Protein chains: 2
Amino acid sequence: MPKQTFFNLPEDKQRLIEEVAVDEFAGRGYAAASISQIVSRAGIAKGSFYQYFEDKHDLFMHLVNRVTEEKHAYFKDCRPPDPGIDFFANLRWMFEAGFAYAAAQSRLNQAVSRVLFGEGLFMGEMFKEARQASAQMFVEMLQQAAERGDIDANVDPTVAAFAVETLLNSLGLFILNQQAVSQEVLQQGRIDWLTSEQARQIVDNMLFVLEHGLRKKTDG
Amino acid sequence: MPKQTFFNLPEDKQRLIEEVAVDEFAGRGYAAASISQIVSRAGIAKGSFYQYFEDKHDLFMHLVNRVTEEKHAYFKDCRPPDPGIDFFANLRWMFEAGFAYAAAQSRLNQAVSRVLFGEGLFMGEMFKEARQASAQMFVEMLQQAAERGDIDANVDPTVAAFAVETLLNSLGLFILNQQAVSQEVLQQGRIDWLTSEQARQIVDNMLFVLEHGLRKKTDG
DNA sequence: ATACAATATGACCGAGTAGTCATGTGACCA
DNA sequence: TGGTCACATGACTACTCGGTCATATTGTAT
């Protein structure tokens with residue numbers, strides 16, 4: 001948490017520092033963000049920075065806290081329309097609220113998102129060919145399936161392909177999460193706890209979701 | 001691409017360098033990964049590194065290529081049983097192969113995935129609570145929905161929550177990519193890509209898939 | 001043995017970094 | 001007026017970084 005001296009600053013100076021910091025983080029990512037750059041662009045002395053914050057991490061966490069504060073404030077008044085509402089309606093509502101928030105809200109939130117998205121985009125650039133080839137394969141597959149009448153005509157093949165690809169790619173992530181990954185496991189480099197039975201169930205579940213969706217079928 | 005000198009190296013030295021590099025990238029993320037650290041830990045001279053690789057990017061791309069090679073090698077022998085088969089059967093085959101690969105995945109692949117999924121362990125630590133809270137929220141939501149009979153009883157809430165969360169989280173990036181939004185646009189803080197009609201359709205589609213699945217409904 | 005090319009090496013460079021600290025400044029109180 | 005205290009400052013230290021290059025060490029062909 002920032003030191004008291006930071007909160008003693010005039011509001012506009014606090015905001016200025018936050019803005020500059022946010023730009024720096026957004027532009028260069030967390031790891032490469034430079035405090036020297038921040039103080040220079042904010043027009044404060046290096047020493048002052050260290051009277052406000054412990055270090056870079058402290059500053060960044062402050063920004064994150066600001067965003068979550070803002071978010072909570074934003075969502076406070078508008079509770080989900082009805083707690084007893086249908087799950088899918090609820091999901092849709094969450095989406096729309098999230099979009100509205102993202103669209104309406106401050107530079108602060110936009111910038112923090114930019115840190116996350118920006119790095120994603122950067123990485124995306126790196127693997128453009130590989131990813132496009134992969135994505136293309138899935139799209140074609142889905143298109144063929146659509147022509148053959150295997151999949152629903154309401155679904156855009158591109159979106160469907162994305163869904164399939166994303167879930168397929170995240171299988172590894174799911175496994176890692178399930179075992180609360182630790183450095184130890186990473187070094188060990190093998191995953192042998194997973195029985196084929198468990199594996200089968202996970203795959204079954206994922207495929208079921210993709211094929212039939214989550215909604216309970218009312219008909220036989 | 002690495003220079004010829006690298007490939008002239010003894011196999012085990014190549015592997016050693018790759019291992020060390022992978023650790024560095026996995027541990028500190030792409031931006032903060034240090035070549036000085038890598039050469040030091042690999043026990044080679046700084047100058048040698050630059051006789052093997054152009055720069056950090058070159059090294060990283062080499063690792064990525066290794067991963068894709070590995071993947072291709074893994075999937076090479078096992079072609080889909082029958083090209084004319086039902087789409088979902090085909091999908092099942094792919095998922096099983098994908099799962100096997102994910103379960104057997106090498107340190108190499110793990111590390112690269114880690115870098116891609118969010119700048120290494122560090123970022124992961126930072127947002128750990130937030131992400132866990134989010135995941136927890138989804139699981140509870142799905143459990144309630146299951147109890148209320150909104151969602152299908154065949155689906156394990158944990159897997160469903162993971163699927164929902166994964167798809168929703170990566171949807172933003174997908175929309176960005178679909179509209180070919182550049183990093184500059186993001187930097188400017190424009191949000192028109194979010195509010196566009198296309199974005200809305202993508203969201204609708206994704207929600208549809210989650211609710212009803214991909215398979216064409218024969219009834220109704 | 002000799003010559004030659006390929007590779008290995010680490011001291012070195014310039015640039016940039018995080019973080020410190022002695023000194024300066026201004027506001028408030030006695 | 002003088003004293004006190006919170007804050008501001010930027011030169012400074014002690015790094016690490018990516019990258020270069022003259023030199024040393026190999027391996028190979030003659």
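Keep in mind it's a predicted model, so treat the numbers as computed, not measured. The sequence lines fix the lettering, A, B, ..., with proteins before strands; numbering per chain opens at 1.
- One interatomic measurement links the two molecules: CD1 of B:I38 to P of D:dC17, which rounds to 10 Å at whole-angstrom precision.
- Residues B:I151 and B:A146 come closest through the heavy atom pair CG1-CA, 3.8 Å.
- The side chain of B:N8 places no N or O atom within less than 4.0 Å of a non-bridging phosphate oxygen (OP1 or OP2) of C:dA6.
- Atom pair B:L59:CG and D:dG19:P shows a separation of 12 Å (rounding to whole Å applied).
- The CG atom of B:L210 lies 5.5 Å from the CG atom of B:L167; values are rounded to the nearest 0.5 Å.
- Across the protein-nucleic acid pair, B:F7 atom CZ and C:dA6 atom C1' stand 17 Å apart, rounded to whole Å.
- The phosphate of C:dT7 has neither OP1 nor OP2 within less than 4.0 Å of any side-chain N or O from B:S48.
- Between the side chains of B:E69 and B:N65, not a single donor N or O lies within less than 3.5 Å of an accepting N or O.
- Between A:R92 and B:D204, the shortest heavy-atom distance links the atoms NH1-OD1, 2.9 Å.
- With hydrogens and angles ignored, a donor-acceptor pair under 3.5 angstrom links the side chain of A:K46 to the base of C:dA18.
- To the nearest angstrom, P of C:dA15 lies 15 Å from CD of A:Q37.
- Within the structure, every side-chain polar atom (N or O) of B:Y50 is placed at least 4.0 Å from both OP1 and OP2 of C:dT9.
- Summarising the local packing, CE of A:M1 is surrounded by 12 or fewer heavy atoms from other residues, nucleotides or ligands at distances under 6.0 Å.
- Put simply, CZ on A:F49 is 16 Å from C1' on D:dC7, counting in whole angstrom units.
- Between the P atom of D:dA8 and the CZ atom of A:F53 lies a distance of 12 Å, rounded to the nearest Å.
- Side-chain proximity of A:D55 to C:dT7, C:dG19, D:dT9: nearest is C:dG19.
- Atom-to-atom, NZ of A:K56 to C1' of C:dT17 comes out at 10 Å; the value is rounded to the nearest Å.
- Dashed line: the shortest gap from a side-chain N or O of B:S36 to OP1 or OP2 of D:dC17 is under 4.0 Å.
- Nucleic acid contact for A:Y52: sugar-phosphate only, since backbone atoms but no base atoms lie under 4.0 Å from a heavy atom of the residue.
- In this structure, NE2 of B:H57 is placed 15 Å from P of D:dG18, rounded to the nearest angstrom.
- Considering only side-chain atoms of B:T5, the nucleotide from C:dT7, D:dT9, C:dG19 that sits closest is C:dT7.
- With DNA chain D read from its 5' end, the first of the two nearest nucleotides for B:S34 and A:L9 is the one closest to A:L9.
- Distances shown here put every side-chain N or O of B:R28 at or beyond 4.0 Å from the OP1 or OP2 atom of D:dT16.
- Residue-level contact check: B:A33 touches the backbone only, with heavy atoms under 4.0 Å from sugar-phosphate atoms and none from bases.
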